[in-house]
Participant: 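Take this structure first; my questions come after.
So that the names make sense, note that chain A is the first sequence line, chain B the second, and so on, each numbered from 1.
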Protein chains: 2
Amino acid sequence: MKDKKQSDEECLQDMRHIQDTLYVISGKWKLPIIMSINNGNNRFREIARSIPKITLRMLSKELKELEMNKLIVRTVSDGSSILITYELTAYSKTLAPLIEEMKNWGKNHKAVITERAAV
Amino acid sequence: MKDKKQSDEECLQDMRHIQDTLYVISGKWKLPIIMSINNGNNRFREIARSIPKITLRMLSKELKELEMNKLIVRTVSDGSSILITYELTAYSKTLAPLIEEMKNWGKNHKAVITERAAV
DNA sequence: CGGTATCCCCCCGGATACTG
DNA sequence: CAGTATCCGGGGGGATACCG
């Protein structure tokens, strides 16, 4: 978002891109799931335990969508017992700056809102 | 999101911040509205016209929420006729890096998904 | 111009139970 | 462990009509 005014056409393009991004990360759980996997949780139950309040149903659904968007990979390895692991793709790493930015903004916003509530 | 693994506690904090941010910018229209105003549209109908497919109802609803979150200001100025303008707050500018990031990511993602569809 | 009021549908997301 | 099945409420969001 530049301060310089852009053409309406450019602005429309940008809106579309933003809506595309919003669509991919929308929902309460997708980003938390990515963060959890990034933090070393690779098994279904492990991820479930690491995210407060998420239900198995939602985790299952969201994992599928993330896989469709090429952000994670589901692997079934057949050792002594069957083992299923979820891993982030290299592509998912491109979300890192975005996540970082959202993390910081949320932290600050919490402060802003809390201050308002106090007044 | 660092590559270095962080403590689970830190990770939980981050998830909460992210969810706070998601909550504020969630919905199809909030960011497009901010972009539209940023691009010089300050009147209700002007904004409405600048955003494809948005309905008056949604614009009205979202403007209120944005105002509650201190991202825009609604001003009623009483000249020869009543004039209502919407402006971005200084605070809303803190979203700029996030928006920029989402714009770029969406642009690239579109390409990634399209490529997949071709295969 | 600057919105509200209704109606309505869809689907997100929670609860709970169950399967292999 | 790794999920799926079913049920269900709430609300996001579209269409349309209307108001001052």
Side-chain angles (χ1 to χ4, degrees), chain A residues 15-16 18-37 40-69 71-88, chain B residues 15-16 18-37 40-69 71-88:
Chain A
M15 284 181 193
R16 274 178 233 125
I18 297 250
Q19 288 182 323
D20 289 343
T21 302
L22 270 171
Y23 187 77
V24 174
I25 67 175
S26 69
K28 286 172 72 173
W29 305 114
K30 296 208 185 64
L31 293 183
I33 289 169
I34 289 179
M35 296 178 67
S36 172
I37 298 179
N41 302 299
N42 298 100
R43 318 289 304 277
F44 188 86
R45 295 280 169 175
E46 225 175 21
I47 300 171
R49 253 179 283 115
S50 74
I51 304 177
K53 310 264 188 187
I54 198 171
T55 60
L56 298 184
R57 180 180 123 79
M58 286 316 293
L59 180 53
S60 175
K61 269 190 54 179
E62 301 285 59
L63 282 171
K64 273 176 194 157
E65 282 190 48
L66 289 171
E67 202 183 351
M68 283 177 37
N69 276 310
L71 295 174
I72 64 173
V73 176
R74 180 179 187 272
T75 311
V76 183
S77 59
D78 209 339
S80 59
S81 69
I82 291 178
L83 185 66
I84 294 177
T85 51
Y86 292 94
E87 286 161 299
L88 297 184
Chain B
M15 284 182 194
R16 272 178 234 125
I18 297 248
Q19 288 182 325
D20 289 344
T21 301
L22 270 171
Y23 187 77
V24 174
I25 67 174
S26 70
K28 286 171 72 173
W29 306 114
K30 297 209 185 64
L31 293 184
I33 290 170
I34 288 178
M35 295 177 69
S36 171
I37 299 179
N41 302 299
N42 298 99
R43 317 290 302 280
F44 187 86
R45 295 278 169 175
E46 227 175 18
I47 299 170
R49 254 178 284 116
S50 74
I51 305 177
K53 311 264 187 184
I54 197 171
T55 60
L56 299 183
R57 182 180 122 79
M58 287 314 295
L59 179 54
S60 176
K61 268 189 55 179
E62 302 287 59
L63 282 171
K64 273 176 194 155
E65 282 190 49
L66 290 171
E67 202 183 352
M68 282 176 40
N69 277 310
L71 295 175
I72 63 173
V73 176
R74 181 179 186 272
T75 312
V76 183
S77 60
D78 210 335
S80 59
S81 68
I82 292 174
L83 184 67
I84 295 177
T85 53
Y86 292 94
E87 286 161 300
L88 297 183

Participant: Without decimals, in angstroms, what is the distance between A:Ile33 CD1 and D:dG3 P?
Facilitator: 12 Å

Participant: Does a salt bridge link B:Lys30 with B:Glu62, judged by any charged N lying under 4.0 Å from a carboxylate O?
Facilitator: yes

Participant: Rounded to whole Å, how long is the line connecting atom CD1 of B:Ile54 with atom P of C:dG2?
Facilitator: 15 Å

Participant: I need the CD-P distance between A:Gln19 and D:dG13, as an integer number of Å.
Facilitator: 10 Å

Participant: Evaluate side chain to side chain contact (heavy atoms under 4.5 Å, CB included) for B:Leu31 paired with A:Leu22, printing each intermediate quantity in order.
Facilitator: CA-CA 9 Å; B:Leu31 293 184; A:Leu22 270 171; 4.3 Å; yes

Participant: Starting at atom CZ of A:Phe44, determine the distance to atom P of C:dG20, rounded to an integer number of angstrom.
Facilitator: 17 Å

Participant: Between A:Leu63 and A:Arg74, does a side chain to side chain contact (heavy atoms under 4.5 Å, CB included) hold up when you go through it step by step?
Facilitator: CA-CA 9 Å; A:Leu63 282 171; A:Arg74 180 179 187 272; over 6 Å; no

Participant: Considering only D:dG3, C:dG2, C:dA15, which nucleotide approaches the side chain of A:Thr55 most closely?
Facilitator: C:dA15

Participant: Can you list the residues that meet the side chain to side chain contact (heavy atoms under 4.5 Å, CB included) rule with A:Arg57, with sequence neighbours excluded?
Facilitator: A:Thr55, A:Lys61

Participant: How long is the line joining CG of A:Leu59 and P of D:dG3, in whole Å?
Facilitator: 8 Å

Participant: Rounded to the Å, how far apart are A:Lys28 NZ and D:dG12 C1'?
Facilitator: 14 Å

Participant: Give the intermediate values and the outcome of side chain to side chain contact (heavy atoms under 4.5 Å, CB included) for residues B:Val76 and B:Leu83.
Facilitator: CA-CA 6 Å; B:Val76 183; B:Leu83 184 67; over 6 Å; no

Participant: Should B:Arg45 be listed as having a side-chain N or O under 4.0 Å from OP1 or OP2 of C:dC1?
Facilitator: yes

Participant: Figure out the CE/P separation between A:Met58 and C:dA15, and round it to whole Å.
Facilitator: 12 Å

Participant: Categorize B:Lys53 for me: base, sugar-phosphate, or nothing, with a 4.0 angstrom heavy-atom threshold over every strand shown.
Facilitator: nothing

Participant: Check the distance between D:dA2's C1' and A:Asn42's CG and give it to me in whole angstrom.
Facilitator: 15 Å

Participant: Of the options D:dG13, C:dG14, C:dG3, whose atoms approach the side-chain atoms of B:Arg74 most closely?
Facilitator: C:dG3

Participant: The side chain of A:Leu56 is closest to which nucleotide in this list: D:dG3, C:dG14, C:dG2?
Facilitator: D:dG3

Participant: Taking the side chain as every heavy atom from C-beta outward, state whether B:Glu46 and B:Tyr86 have any atom pair closer than 4.5 Å.
Facilitator: no

Participant: The test is side chain to side chain contact (heavy atoms under 4.5 Å, CB included); show your working for A:Ser36 and B:Met15 and say whether it passes.
Facilitator: CA-CA 9 Å; A:Ser36 172; B:Met15 284 182 194; 3.9 Å; yes

Participant: Got a sec? Which of residues 60-68 of chain A come in under 4.0 Å of DNA chain D, heavy atoms?
Facilitator: A:Ser60, A:Lys64

Participant: When you get a sec, tell me which of C:dG2, D:dA15, D:dG3 is the closest nucleotide to the side chain of B:Arg57?
Facilitator: D:dA15

Participant: Compare the minimum distances between each of D:dC1, C:dG3, D:dG3 and the side chain of A:Tyr86, then state the nucleotide with the smallest one.
Facilitator: D:dG3

